[in-house]
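For reference, the structure is listed below as structure tokens.
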Amino acid sequence: MDIQNLLDDIVGAVQPHVGQGNVADYIPQLGAVDPQQFGISVATREGEVYSAGDAHVDFSIQSISKVFALALVLAFDGDGIWKRVFREPSGNPFNSLIQLESEEGIPRNPFINAGAIVVTDRLLSITGNAAHAVRDLMRQETTKVSIDTDHHVAGSELANSHRNASLAHFLASCGNLENPVDEVLDSYAKQCALAMTCEDLALATRFLAANGLGTDGTLLLSPAQTKRINAVMLTCGTYDAAGEFAYRVGLPGKSGVGGGIVAVVPNKCSISVWSPGLGRSGNSVAGVAALDEFTTRTGWSVF
């Protein structure tokens, strides 16, 4: 298969979708991003990389970082996190307070905001600096030492984080945070504000397509842990649109409100797409369309 030609074709095919939706203007720095951009990259299990469109433009990865925080917690701490976070789809918006209250401070899954805050809290306890731990994993897997937090985005996010602060304080009131709320929120914002390209993210996610094998040839996760992260990505990675994403794309995936999405074809490749315009559920309109095109044309799907 000529992956490069396929990606070039996809850039043209999704042009009618580029610019559709709305940028995440509730975070002012993200609201200023030009929506007329689209990039796509594929990293094969063997480490080959193919890119097209705006695949070398840095963007804020936002909730995609939750996958890597969870991977680190599982690698360091085993299955203990599952006593504090469930593994079920939420069916509610990613920042909902309602479900958290009704389920007595145990978030429905690690990819909604409440669940990710608990994962970040645990990573902070384990490493002393959760944001740096996620950043260092990204640098390791991409071999790109310049990857870092965009502090303008992190500051913008923290200044407008009233809903996340409410979630964190509620978690703390239920005894489901180990660290001070302000420290957890600071780590969470810096982790989400990592600036990366499509190519970076495809490379960083490659271990999930390789049974947990990292760039340096060592296991980041066991094959069983890798399978389980991919399973939670499939059922919970695109918020309350996970069913629609599975129907259209048929792969484990994780989106972020910066307009990025990563997806995994187990034993074959990882894919990263980016376009800032978001649909109602917070997923990139053009990004979902591109992944739909990719799996339809290749036939690569977990189904």
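Through ILVMFWY side-chain contacts below 4.5 Å, Ile112 is grouped with nothing and stands alone. Within the hydrophobic cluster formed by Ile, Leu, Val, Met, Phe, Trp and Tyr side chains joined at under 4.5 Å, directly or through other members, Leu219 is accompanied by Leu213.
Among residues at least two apart or in separate chains, salt bridge (charged side-chain N to carboxylate O under 4.0 Å, His left out) pairs with a member in residues 84-98 are Arg84-Asp121, Arg84-Glu178.
For the residue pair Asn230 and Thr226, no side-chain donor N or O sits within less than 3.5 Å of a side-chain acceptor on the partner.
Side chain of Ser156 to backbone of His152: no donor-acceptor contact under 3.5 angstrom is found. Side chain of Ser41 to backbone of Glu199: a donor-acceptor contact under 3.5 angstrom is found. The backbone N or O of His132 sits less than 3.5 Å from a side-chain atom of Asn129, completing a donor-acceptor pair. The main-chain N or O of Ala241 is never found under 3.5 Å from a side-chain atom of Glu244 such that the two would form a donor-acceptor pair.
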Enumerate, atom names and distances included, each donor-acceptor pair closer than 3.5 Å involving a side-chain atom of residues 10-23, sequence neighbours excluded.
unit_1	atom_1	unit_2	atom_2	d
Gln15	NE2	Val11	O	3.2
Gln20	NE2	Pro16	O	2.9

Which atom pairs, donor and acceptor, lie under 3.5 Å between side-chain atoms of residues 201-211 and protein residues at least two apart or in another chain?
unit_1	atom_1	unit_2	atom_2	d
Thr205	OG1	Leu201	O	2.7
Arg206	NH1	Arg45	O	2.5
Asn211	ND2	Asn267	OD1	3.2

Donor-acceptor contacts under 3.5 Å from residues 65-72 side chains, at least two apart:
unit_1	atom_1	unit_2	atom_2	d
Ser65	OG	Gln62	O	2.8
Ser65	OG	Gln191	NE2	3.1
Lys66	NZ	Ser63	OG	2.9
Lys66	NZ	Phe111	O	2.9
Lys66	NZ	Asn113	OD1	2.9

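Between Phe170 and Asn176, every side-chain heavy-atom pair lies at or beyond the 4.5 Å cut-off.
In this structure, Phe59 and Trp274 have parallel ring planes: the angle between them is below the 30° cut-off, well short of the 60° mark.
Here the shortest heavy-atom pairing between Cys198 and Ser272 reads O-CB, 3.2 Å.
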